[in-house]
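This report concerns only the one structure given below.
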Amino acid sequence: MGMRKRFTLARRPVGTPVPADFALVEEAFPVLGDGEFLIENRFASLDPAIRGWLDDAPSYMPPVPLGEAVRATTVGVVAESRNPDFPVGQWVLGLNAIETHSVGVAGGFTGPIDPAIVPSPTNFLSVLGAVGMTAYFGLLEVGQPKAGETLLVSGAAGAVGSLVGQIGKIKGTRSIGIAGGPEKCRRLVERYGFDAAINYRGKSVEQLEAEIRVAAPDGIDIVFENVGGACLDAALMNLRHGSRVALCGLISEYNSPAKVGARNLWQLIVHSARIEGLLVRDYLPRFAEGAGVMAGWVSEGRLVFDEHVDHGIDNAFGAFMRLFEGSNDGKMILAL
Ligand SMILES: NC(=O)c1ccc[n+]([C@@H]2O[C@H](COP(=O)([O-])OP(=O)(O)OC[C@H]3O[C@@H](n4cnc5c(N)ncnc54)[C@H](OP(=O)(O)O)[C@@H]3O)[C@@H](O)[C@H]2O)c1
């Protein structure tokens, strides 16, 4: 019988996760029941959302149980099967865990994919996966961009943000990005086609507020918020009348036990503006539609995307923490 390796949750992190919060466990393959199949995971998607699932707190998903492998979306190949719909050799995408092998069940969160239609199966975790759909539906449905409007994106050099800025350009917005450091700011303009870039590192809310005003003297029509904290506070001080704030993520708060909250919400009243949370899984029934459009833009050369692949389950902790250090250049993926 084969063995599998699992990246498990040993204890709940307090603040920033440390290696001792996790354990690498080796165990025999589980025995498959009727309808089950064994997935040999090739790639795991490392997402900021995983940090929230490690806490014992109310969310849109239950917390990862202690001792269990850390939940993640994976792409893999069926290695053993007791389910005729998932034959051995079938490539699949599903919500599984950071582990070399997962058990799929009939009617579960795993579906077949065809890697022959994409340059790399990892694309199902990036531009054609939840990240791409977050950018696509988040901007178009919640942000509702119109040609000539000004779009401000925080976390702009990351997986979601880099796509949002480009989709905005395709729809005719002026796209301004906020990212960490001069190198990422250069990439925003040169690679992703943003019109302006702002480095948030080491800046106060007031400094960021002023830099946004220089980049957008007439104000912002759409804020696509990935970060929260100082970035959101500064963005709110630059809203235009009737603007929209698409609240996608608050990564600056994920490791801080004390939540700071948005301090300038009164600006929503001043400008008759709207703030709306977005959850990509609400758009699951429309993923094929969104992926079709995104794939078209990629093949036309109008949309570029980057993937940052680290290798080996032994490196799961360091790879995951890149998201909070900002040392990922593109969608963070772990090759298993
Ligand atoms: N609502 C949804 O359904 C949904 C779905 C997917 C993702 N999201 C959210 O979208 C956001 C981006 O996710 P992603 O997958 O695209 O990750 P990502 O942007 O590829 O990686 C995370 C980036 O966040 C930045 N960051 C980390 N800590 C920060 C801090 N304290 N202050 C400012 N920036 C910080 C870093 O970039 P810098 O170098 O620029 O600091 C880092 O590279 C996250 O908030 C995530 O939770 C939401």
Side-chain angles (χ1 to χ4, degrees), residues 15-17 44-55 59-61 72-73 95 122 125-127 129-139 141-143 153-167 177-188 192 194 197-205 208 223-235 245-256 259-260 275-284 286-287 290 305-310 319-334:
T16 302
S45 175
L46 302 183
D47 297 296
I50 292 173
R51 177 64 189 85
W53 304 336
L54 305 180
D55 290 337
S59 185
Y60 58 96
M61 279 207 168
T73 305
L95 190 59
T122 52
L125 300 177
S126 62
V127 67
V131 153
M133 298 309 103
T134 303
Y136 181 83
F137 290 110
L139 181 62
E141 299 287 325
V142 183
V153 187
S154 62
V160 173
S162 59
L163 295 172
V164 171
Q166 294 179 80
I167 297 169
I178 304 179
E183 179 53 34
K184 284 196 179 180
C185 285
R186 190 188 57 74
R187 195 147 51 91
L188 288 188
Y192 303 129
F194 281 77
I198 297 169
N199 173 11
Y200 75 84
R201 286 199 193 267
K203 310 243 174 91
S204 65
V205 174
L208 285 172
V223 178
F224 194 100
E225 189 56 52
N226 285 317
V227 165
C231 290
L232 177 56
D233 285 345
V245 180
L247 196 59
C248 176
L250 296 167
I251 193 167
S252 71
E253 295 188 7
Y254 294 172
N255 288 326
S256 73
K259 307 296 179 204
V260 276
I275 189 165
E276 185 176 337
L278 74 97
L279 190 57
V280 67
R281 72 172 186 180
D282 292 344
Y283 297 97
L284 257 175
R286 296 178 59 193
F287 267 28
F305 63 97
D306 289 301
E307 298 176 345
H308 186 134
V309 183
D310 276 358
F320 176 55
M321 292 309 292
R322 281 185 186 281
L323 294 167
F324 304 100
E325 295 155 0
S327 61
N328 63 310
D329 292 317
K331 171 72 195 106
M332 195 63 226
I333 291 168
L334 186 67

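Read the numbers this way: they start at 1 and go in the same order the structure lists the ligands and their atoms.
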As a test of reading the model: which N/O atoms of the protein lie under 3.5 Å from N/O atoms of ligand 1, and at what distance?
{"residue": "ligand 1", "atom": "1 (N)", "partner": "Cys248", "partner atom": "O", "Å": "2.9"}
{"residue": "ligand 1", "atom": "1 (N)", "partner": "Leu278", "partner atom": "O", "Å": "2.8"}
{"residue": "ligand 1", "atom": "3 (O)", "partner": "Val280", "partner atom": "N", "Å": "2.8"}
{"residue": "ligand 1", "atom": "10 (O)", "partner": "Asn226", "partner atom": "OD1", "Å": "3.3"}
{"residue": "ligand 1", "atom": "16 (O)", "partner": "Ala159", "partner atom": "N", "Å": "3.3"}
{"residue": "ligand 1", "atom": "16 (O)", "partner": "Val160", "partner atom": "N", "Å": "2.8"}
{"residue": "ligand 1", "atom": "20 (O)", "partner": "Ala159", "partner atom": "N", "Å": "2.8"}
{"residue": "ligand 1", "atom": "20 (O)", "partner": "Asn328", "partner atom": "ND2", "Å": "3.0"}
{"residue": "ligand 1", "atom": "21 (O)", "partner": "Asn328", "partner atom": "ND2", "Å": "3.2"}
{"residue": "ligand 1", "atom": "34 (N)", "partner": "Tyr200", "partner atom": "OH", "Å": "3.2"}
{"residue": "ligand 1", "atom": "37 (O)", "partner": "Lys184", "partner atom": "NZ", "Å": "3.4"}
{"residue": "ligand 1", "atom": "39 (O)", "partner": "Lys184", "partner atom": "NZ", "Å": "2.6"}
{"residue": "ligand 1", "atom": "39 (O)", "partner": "Arg201", "partner atom": "NH2", "Å": "3.3"}
{"residue": "ligand 1", "atom": "40 (O)", "partner": "Gly180", "partner atom": "N", "Å": "2.8"}
{"residue": "ligand 1", "atom": "41 (O)", "partner": "Tyr200", "partner atom": "OH", "Å": "2.5"}
{"residue": "ligand 1", "atom": "41 (O)", "partner": "Arg201", "partner atom": "NH2", "Å": "3.3"}
{"residue": "ligand 1", "atom": "43 (O)", "partner": "Lys184", "partner atom": "NZ", "Å": "3.4"}
{"residue": "ligand 1", "atom": "43 (O)", "partner": "Asn328", "partner atom": "OD1", "Å": "2.5"}
{"residue": "ligand 1", "atom": "45 (O)", "partner": "Asn226", "partner atom": "O", "Å": "2.8"}
{"residue": "ligand 1", "atom": "45 (O)", "partner": "Tyr254", "partner atom": "OH", "Å": "3.2"}
{"residue": "ligand 1", "atom": "47 (O)", "partner": "Tyr254", "partner atom": "OH", "Å": "2.8"}

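You'll find the side chain of Phe194 reaches within 4.5 Å of the side chain of Val153, heavy atoms only. Using a 4.5 Å cut-off on side-chain heavy atoms (C-beta onward), Leu208 and Tyr200 make contact. You'll find the side chain of Asp47 stays beyond 4.5 Å of the side chain of Met332, heavy atoms only. Contact of the Arg51 side chain with the Phe320 side chain is registered, since non-hydrogen atoms from C-beta on lie closer than 4.5 Å.
Looking at Val131, Ile333, Leu46 one by one, the single match for side chain to side chain contact (heavy atoms under 4.5 Å, CB included) with Leu125 turns out to be Ile333.
Note on Arg322 versus Glu325: no salt bridge recorded, every NZ/NE/NH1/NH2 to OD/OE distance being 4.0 Å or above.
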